[in-house]
Amino acid sequence: MLEMAAASDRDPFGDLPDELLSRVLSFLPAEDALQTCVLETRWRDLWRRLTSLRFVFDGPTFPRYNRFKRLVKLLICLRGNSPLIRCEIDAYPDDEPENMFTNTRLLIDYALACEAEELIVRAADIQYDLPVFDVPLSLISQHLKTLHLEGVNLDHSALKFSGCLVLEDLRIQLCNIRACEISSMSLKCLCITNYCSLPDIVRLRICGPSLISLQLEDFEGLTPFLENMPLLETAHVNLEDGCHDHCRSNQGVCDNIVCGCHAYPVKEGVLLNGLSNAAKLDLIALPKMFLYRWDLKWCPVFGKLKTLLLNEWFTTVDLVCILRHSPVLEILTLQLDNTEKIVGATGAQETKTQSFVCACLKSVYVECEEVDEGVLAILNILSTCGILREQISIKEDPHTGSDYSSADSDSTDSY
C-alpha cells in the first residue's frame, strides 16, 4: 500500500481520520511532531491543534542549547495560543554561566498561557552533570488540574497554590523541598515519594482541606505536619531510614539537641490527627521510628476508618489504643517481620486490661515469619476484643508465598 501511495504521490495516511493522526502525534516528542508540518497543509493544521506537547529527550538525542532555543521559539511562533491539555517538559539549562533555564521557564509560561490542564516538569535525563532547576513560584493558572514535579528544586519559603484554583493532583518525586508549607484549597491527591529531601530543622506543614488521597514515603528529613483533612479517604505513609524522627542513640530522648527525638512538637501531634478522617490507612515504619507511638498519646479517634494496615512499629499497648479509637474498623492487616518490640510497654498510655469489643471488625490478616511471643500477644489481645478464631488468618513466612491459613491451625493452638 505504501508503494502504491508513493507511486501516486498520495499521502499514505490520507485516509486516516484527523482524530487518529492527532492521537499519534501526541505521543511524539515536540521536535518530531513539528517536522510533520513539511508534509502538507493538513499535517500543519493537525500539529497546531495538538493538545499534548512533549519536550522529552533521551540522553543521545537531547539538543544542545542553541538548537533547543530555536525549537522553543519556533514552536511558540507557529503554534500560537491554541489550547493545551497536557505539556511535558524536560528542564534544560541555558549555556550561560548563570544557567538560568530561560527556555524551560518560557515553555512553562507558554503552557500555562495555553490553559494546560496537566503540566509535568522534570530534570533532563542526559549523561553529564546539570544544575538543578528551581521551579518558579509564579505557577498561576485557572485551568491547571495536575502538576507533576520530578528531580527539581522547590526552594521557596512556602508553596502556596492559591493561584491554581482547580489544582487537584500534585505529585512530587525526587525533589529538594525547602518550603515550610504546602497549601492548596482545591488539592485532592498529594504524593511525595521517590527520595524527596524535606526540611530537617522546621517541619513542612501540609494544608489540604480538600485532600482525598495522600501518599508519603521514601523521603529524607523530618516527617511533615498534617493539618486537618476532613475529606481524606485513603492514605499511605511509610517512615523509612531517611526519616529523621528517631533517636540516633536509641534512647528515646537523648542529650543531643539536634537529634530527631527533640523535633517532636510539645503541644500537638504530627501525623495521626491529620489522618484521623481516613477510611483506609497504611501506617508503615521501621521499629526505631517513634512518631506513630508518640502521636497516639494524643488519642486521635479514627471515626471513619474501615481498613487498616500496620507493620511491626507498634507495641501491644499501641494496638489496644488504635483498636479502641477505631469504632468502625472492619479489616486489619498486620505485617510482622520483627516482633521483638511488640510486647513492650511503651507507647499509648492505655492498658491491656481495659476490655472493649471491636464490634465491626470482620477480618484480621497476620503476616509473620513465625508465630512467636509477639504474635501470640497480639492474638490474645484480639481474643479479648471479641475477635473469633475463624476471623483471624495467619500467613507464616510471606517470602515462601504460602497461602493464608486459619488461626485455628496447629501453629496457633497455644494462644
Side-chain angles (χ1 to χ4, degrees), residues 13 16-94 100-126 130 133-136 138-152 161 163-164 166-175:
F13 303 102
L16 297 178
D18 288 354
E19 293 77 9
L20 179 58
L21 294 180
S22 295
R23 179 69 172 166
V24 173
L25 286 175
S26 69
F27 290 104
L28 294 178
E31 186 174 27
D32 295 339
L34 179 59
Q35 292 178 13
T36 63
C37 292
V38 301
L39 297 177
E40 63 176 19
T41 304
R42 181 194 183 196
W43 285 94
R44 185 165 61 249
D45 294 337
L46 284 173
W47 175 81
R48 284 176 175 168
R49 296 199 303 270
L50 273 183
T51 58
S52 177
L53 291 179
R54 299 181 69 245
F55 285 87
V56 178
F57 308 86
D58 59 25
T61 64
F62 206 100
R64 296 302 301 170
Y65 166 69
N66 287 332
R67 183 181 169 196
F68 186 63
K69 179 181 178 180
R70 290 196 299 271
L71 173 62
V72 171
K73 290 187 174 180
L74 182 61
L75 180 141
I76 294 175
C77 177
L78 293 179
R79 192 178 180 281
N81 59 354
S82 297
L84 272 177
I85 293 178
R86 187 176 188 272
C87 188
E88 192 173 350
I89 301 170
D90 278 352
Y92 186 70
D94 304 340
M100 296 298 292
F101 291 87
T102 303
N103 293 291
T104 298
R105 294 174 183 271
L106 189 62
L107 280 176
I108 293 175
D109 290 341
Y110 176 71
L112 297 179
C114 291
E115 303 179 354
E117 297 179 9
E118 180 179 358
L119 177 63
I120 301 172
V121 181
R122 64 166 64 89
D125 181 18
I126 56 180
L130 286 177
F133 176 56
D134 290 318
V135 175
S138 57
L139 291 178
I140 300 176
S141 172
Q142 307 295 316
H143 306 274
L144 188 64
K145 295 181 179 180
T146 299
L147 178 61
H148 181 181
L149 304 172
E150 180 179 346
V152 298
F161 293 95
C164 299
V166 296
L167 183 65
E168 296 182 350
D169 189 344
L170 175 60
R171 299 177 184 271
I172 304 175
Q173 297 176 296
L174 203 65
C175 291

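From a predicted model like this one, the values you see are computed outputs, not experimental measurements.
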Could you pull out the closest heavy-atom pair between [X] and [Y], with the gap in Å?
X	Y	answer
A91	F133	CB-CB, 3.7 Å
V121	V152	O-CG1, 4.3 Å
G151	C175	N-SG, 3.7 Å

Nearest-0.5 Å distance, [atom1] of residue [X] to [atom2] of residue [Y]:
X	Y	atom1	atom2	result
C114	D109	SG	CG	11.0 Å
L71	I76	CG	CD1	9.5 Å
T102	L107	OG1	CG	11.0 Å
S52	L84	OG	CG	8.0 Å

(message) Strictly below 4.0 Å, N to O, side chains only: are E88 and R122 in salt-bridge contact?
(response)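 So E88 pairs with R122 through a salt bridge.
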(message) Within a 6.0 Å radius of atom CZ on R171, are there more than 12 heavy atoms belonging to other residues, nucleotides or ligands?
(response)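 Counting other residues, nucleotides and ligands, CZ of R171 stays at 12 neighbours or fewer.
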Under 3.5 Å, side-chain donor or acceptor atoms of residues 139-149 against the rest of the protein: list the pairs with distances, not counting sequence neighbours.
residue : atom : partner : partner atom : Å
S141    : OG   : H143    : N            : 3.0
S141    : OG   : L144    : N            : 3.0
H148    : NE2  : Q173    : OE1          : 2.6

(message) Under the rule for side chain to side chain donor-acceptor pair (under 3.5 Å), what residues qualify as partners of D134, not counting sequence neighbours?
(response)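 Expected list: N153.
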(request) Return yes if some donor-acceptor pair links the side-chain N/O of Y110 with the main-chain N/O of G80 below 3.5 Å, else return no. (result)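 At least one qualifying donor-acceptor pair exists.
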(message) If you define the side chain from C-beta out and look only at heavy atoms, does anything of T104 sit under 4.5 Å from F55?
(response)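 Answer no - side chains too far apart.
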